[in-house]
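Below is one structure, written out as structure tokens; comments come after it.
Here is the naming used below: chain letters follow the sequence lines, and residue numbers restart at 1 for every chain. Model, not experiment: these values are computed from the prediction.
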Amino acid sequence: MSSAPSSAKLTRVVGALAEASGMRAATLNELVRIGDAGLLAEVLRITGDRATLQVFEETMGVSLEEPVVREGSPLAVELGPGLLGSVIDGIGRPLGDLATLTGDFLLPGANAPTIDRARRFTFVPVVARGAQVQQGDVLGTVLERGGFEHRVLVPPGRQGIIAGVFGGERGIEDVVARLADGTTLGLSQRWSVRRPRPSAARLDASRPFLTGQRIFDFLFPIAEGGTVAVPGGFGTGKTVIEQSLAKYAEADVVVYIGCGERGNEMAEVLHEFARLKDPRHGRAVLDRTVLVVNTSNMPVAARESSVYLGLTIAEYFRDQGYRAAVMADSLSRWAEALREIGSRLQEMPGEEGYPTYLASRAAKLHERAGRVTCLGAPKREGSVTLISAVSPPGGDFSEPVTQSCLRVAGALWALDPELAHQRQFPAVDWHTSYSLYSDDMGRAFDATVDPDWSKARGAVLDLLQRDAELREVASVVGPEALEDKDRLLLQAAAIVREVVLGQSAFDPNDAYSPPAKTYRLARASLDLFEAGKVALGRGATFAELELAPVRRALATLRDAPAGDVEVKAAEVKARIASLWRGARSEAGGTS
Amino acid sequence: MSPMRVARTYRGARAAAGPLVYLNGAQRAALGEWVTITAPGQAPLRGQIIDAGEQLSVVQVLEDTLGLAPAGVEIALTGELANAVVGKELLGRALSGAGDPRDGLPPPIGEALRPLWGAPLNPTRRLPPSDFIETGISAIDGMNTLVRGQKLPVFSGPGLPALELAATIVENARAPRGEPFAVVFCGIGITERETRTFLDRFAASGALERSVLYLNQAQDPTIERLLAPRQALACAEHLAFVHGLHVLVVLADITHYCEALREVAAAREEVPGRRGYPGYMYTDLASLFERAGVVKDKPGSVTQLPILTMPDDDITHPIPDLTGYITEGQVVLSRELHRRGIFPPIDVLPSLSRLMNAGIGKDRTVPEHRKWADQLYAIYARGREARMMVAIVGEAGLSPADRRALELTESFERELVHQGPKRRTIQETLEAGWRLIDRVPREDLLKLSDELLATRQAQRDEAQHKGA
Ligand SMILES: Nc1ncnc2c1ncn2[C@@H]1O[C@H](COP(=O)(O)OP(=O)(O)O)[C@@H](O)[C@H]1O
Ligand SMILES: [Mg+2]
């Protein structure tokens, strides 16, 4: 039905919206090409012979009466080998190829397929002629850069008996198998981005999604397949968190969506991820990453689509049996894109001008995360974990986007500007943050890291709670008026904040903290607190406790290169043992 | 962009309201098309189509529409998009926000036309900024380092010396390695006095011939404010990416820009967002601020130093808020420091340079720069907390460590932040910081390793040795 000579013409162009006449046969969400330059747009509304379109490219200079051509299909993304390591815009065009076409600046109308047509992949079949295949079955594999096994799947909705399978060097559009009924299966498949990909069954969130960030793994852990909202005013550390997780979290594939944020950040991600090694596999971080980019100055409609595009890619890797993680920075920009388009459509605005369907769209989007049993054979599980930054205006969490996300997300990592101003990073407010997964994850950590993990977590939370109360008191009566045991508690809490919760994303040795290290630092801080309490109980005064050297030893342990950890840990132990001189002389006296 | 079309003329507009003129469906009107509207016996007004429709097109008019009678005007659609005349020849010139001469010289011919609504830089063509710019200001160089290709706004309040600070930076930040540089200054709705403040300082430094001035002052047409920064940025991009200059763009004052944006939105009866500013203000501001950076395989760079006034000193106001979400940090001025005579009155706690880490360290400033800054931040933050506590419990209620921190906080503001008009090299800045750190007992220095402190001690001994 596409490209029939068309009489469709533009009748209005304003911002990211256009209207066209001669569109009676169009369907909702159908893609069209508008104008002499053929800009990509999507049908949002049809009234009689008129259609309203959202345009994914810059509309400046587009004139009335320019032609509109229907494409006959909705916005879809090409899924296949070659995606990993690529950088694509919100409608799936590779930005590197666009630069070849239009130079340093992005100009509308340029077109390039998501996966390079010139690339060749070695396809190794795992099914043979005569085999019966179902949707989701693994047809064969392609080894990607860094040793990643890309599993080529029978697309959803297809099944049959294999009549031929074609191993060897294949291009992205090539056929790799033919079914008895004549259907061909390619190395790649296309999937409409606004439609979730199907799976066999949804599974419980029972396995921790390891972030490598102490404050998250220890205090507010999330599950594989879980969702978390990370709201915070500007400069509170959302992007650093998204980037740290993209680099170090235990995921097989990361889809990083730079949604309405900075160009320089994207450049930095590209530059750094290409050089940085994944701590577990030793391959470049970029080789496990797909970057979806719509910076704040790129067209706003493609900002809205970028999130769906990213989720679809993550689901595709989930369907192969992998743990995919989506870093969305930031969902507020996605919501603002909805608002901008909604208001141009003259829709009835809801709260703060956002469309009334904001909450339901946000819910649907979060529902695309999860751990599943994949379709097809061999039997496998996969997951999509969603970590979304939210940028509330004025840092006020009562606004609609934060609230819509919180209603559906399984965890909240709330960022606090006060902590950020004090350079306490990650600036996570431990009083308001929570994770609905924490009990289940605690049990998992007890089983895999240390049986005392959950207990230690409880002790740390308790310490922080009492610290807050005491600080309240101290701010009224002055710290000098506190009892020694309370001053000890304040110090212990300060140490926990510094060495357990605090973690510099820029320290090469501490940017990533494996769970064993997280536990060790928490344990040592608690041991120090206990030792202090014992000393006070035996007659020491607070002033006699030599806390500063322990604190420094702990900080040294935190920042030590892996090889030095045992030595530094021994030093911490020794410092704790000699916390109080009195105890030493006591010990000396009795021996 | 689409190929340019031929000019068409029409007689009579349907309506006019504020800065907007409504046309009866103009044939093949293009979004963004440049339009002139002429009333008999008057100078033509210039405008741009912001809504192209078969029945009705909306023109946003640059100049004042006072006295306009829509039925009688002649409307010419030029077939062109808004362009800026750019070229090296503009260096040393003063132009209006629309690019007309303001210096009595003939209009510049230029080398090229560049679209005012600049296309976004392809993120894969960007080079991550990492070249340290020594501004000569300790609170910036030491604590919130500026790098080439960054956009770092100054958040000011009414009456605070933001323009003086900008002038100081522009004077001082002269070509670190003797590389060619230029300054593009864009005044947006600022007063005559503010303009003078900046230009006099600037003229004295002899940098005028290396700069281009775009001036839209308070008395100039409001809508021109939406164009002025785009003129400036088009010119800056040309100087940077065609001529390889390192361009520092000062945009003052973004608050006036946002007010013009609000005026147009109100005239169009759009649903207002927070405090009446349009919902798309984030996107609009981003289309300015994102025009900074460094491009792969190109020698120049565009660095932006926007200035904005926080209404009522409120950092959560939509203008500073949206700006902070787009820019790579912010330098925040404090009324309290200003009152105490500290110049520049920079409050380093809410200030931030997001690109600092890329610009400091080994081979850039000194390897220990990060730790040095972290330690000073920690001391200062603690002292500021103590300062608040003093108000309630009195100094006697503080712990000895808090008391020490309080004292250092005063010194930090007087000795490190305050420097008056004097320029400091990065070495001088670091030394000033070390002199504060030297006074802190070891137990309070949690961010510094024994090794680092030993190195510092050795330096001091050596200096003393030399001095003796
Ligand atoms: N974990 C961290 N370690 C060290 N510095 C951090 C950390 N998180 C944030 N920062 C600092 O805070 C700045 C702002 O963080 P960013 O993630 O860009 O904020 P946001 O995205 O919330 O606006 C960073 O440039 C960095 O200086
Ligand atoms: Mg961010």
Distance (rounded to the nearest 0.5 Å) between [X] [atom1] and [Y] [atom2]:
{"X": "B:Glu237", "Y": "A:Asp104", "atom1": "CD", "atom2": "CG", "result": "11.0 Å"}
{"X": "B:Arg126", "Y": "A:His271", "atom1": "CZ", "atom2": "NE2", "result": "15.0 Å"}
{"X": "A:Ser504", "Y": "B:Asn357", "atom1": "OG", "atom2": "CG", "result": "7.5 Å"}
{"X": "B:Leu446", "Y": "A:Glu498", "atom1": "CG", "atom2": "CD", "result": "5.0 Å"}
{"X": "A:Glu340", "Y": "B:Thr283", "atom1": "CD", "atom2": "OG1", "result": "4.5 Å"}
{"X": "A:Glu261", "Y": "B:Glu290", "atom1": "CD", "atom2": "CD", "result": "9.0 Å"}

Any donor-acceptor N/O pair, [X] side chain to [Y] backbone, under 3.5 Å:
{"X": "A:Glu58", "Y": "B:Ala119", "result": "no"}
{"X": "B:Asn122", "Y": "A:Leu95", "result": "yes"}
{"X": "B:Tyr282", "Y": "A:Gly260", "result": "yes"}
{"X": "B:Tyr325", "Y": "A:Pro392", "result": "yes"}
{"X": "A:Arg552", "Y": "B:Ser449", "result": "no"}

Distance under 6.0 Å and angle within 45° of ring axis: B:Arg354 vs A:Phe234 | no
Quick one: is the NZ or CZ of B:Arg114 closer than 6.0 Å to the six-membered ring centre of A:Phe105, and within 45° of its axis?
->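 Checked: cation-pi criterion met.
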Greatest number of heavy atom pairs closer than 4.5 Å to chain A - which of [options]:
{"options": "B:Gly149, B:Gly329, B:Gly324", "value": "B:Gly324"}
{"options": "B:Gly32, B:Gly53, B:Ala52", "value": "B:Ala52"}
{"options": "B:Ile315, B:Ile49, B:Thr316", "value": "B:Thr316"}
{"options": "B:Pro129, B:Ala378, B:Gly273, B:Gly293", "value": "B:Pro129"}
{"options": "B:Leu56, B:Leu121, B:Val271", "value": "B:Leu121"}
{"options": "B:Gln150, B:Lys151, B:Lys298", "value": "B:Lys298"}

Structural part of [X] lying under 4.5 Å from a heavy atom of chain A:
{"X": "B:Phe241", "value": "side chain"}
{"X": "B:Arg274", "value": "side chain"}
{"X": "B:Tyr377", "value": "side chain"}
{"X": "B:Pro278", "value": "neither"}
{"X": "B:Ala381", "value": "side chain"}
{"X": "B:Arg442", "value": "both"}
{"X": "B:Ile50", "value": "backbone"}
{"X": "B:Ser130", "value": "neither"}
{"X": "B:Phe289", "value": "neither"}
{"X": "B:Asp314", "value": "neither"}
{"X": "B:Asp450", "value": "side chain"}
{"X": "B:Gln55", "value": "neither"}

Salt bridge A:Arg50-B:Glu54, side-chain N to carboxylate O under 4.0 Å | yes
Does the distance from a Lys or Arg side-chain N to an Asp or Glu carboxylate O, for B:Asp51 and A:Arg12, drop under 4.0 Å?
-> yes
Name the region of [X], side chain, backbone, both or neither, that has any atom closer than 4.5 Å to a heavy atom of chain B.
{"X": "A:Asp507", "value": "side chain"}
{"X": "A:Arg558", "value": "neither"}
{"X": "A:Glu418", "value": "neither"}
{"X": "A:Gln422", "value": "both"}
{"X": "A:Pro349", "value": "side chain"}
{"X": "A:Val13", "value": "both"}
{"X": "A:Arg487", "value": "neither"}
{"X": "A:Asp559", "value": "side chain"}

Which one of [options] has the most heavy-atom pairs closer than 4.5 Å to chain B?
{"options": "A:Ser330, A:Gly103, A:Ala474, A:Ser391", "answer": "A:Ser391"}
{"options": "A:Glu272, A:His421, A:Glu65, A:Arg262", "answer": "A:Arg262"}
{"options": "A:Ser475, A:Ala18, A:Gly353", "answer": "A:Ser475"}
{"options": "A:Ala548, A:Ala555, A:Pro393, A:Gly395", "answer": "A:Pro393"}
{"options": "A:Leu98, A:Leu547, A:Val476, A:Val293", "answer": "A:Val476"}
{"options": "A:Val14, A:Asn264, A:Thr11", "answer": "A:Asn264"}

Nearest non-hydrogen partners of B:Ala286 and A:Ser296, listed with the distance = CB-OG, 3.2 Å
What closest approach, in Å, do B:Leu349 and A:Arg423 show between heavy atoms, and which atom pair accounts for it?
-> O-NH1, 2.7 Å
Determine which residues belonging to residues 388-397 of chain B lie within contact range of chain A, meaning some heavy atom pair is under 4.5 Å apart, and list them by number or answer 'none'.
->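 The list, in residue order, reads B:Met389, B:Ile392, B:Val393, B:Ala396, B:Gly397.
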pair B:Glu443-A:Pro549: side-chain heavy atoms closer than 4.5 Å = no
Of the options A:Asn297, A:Val269, A:Leu106, which is the one that meets B:Pro123 in a side-chain contact (heavy atoms from CB on, under 4.5 Å)?
-> A:Leu106
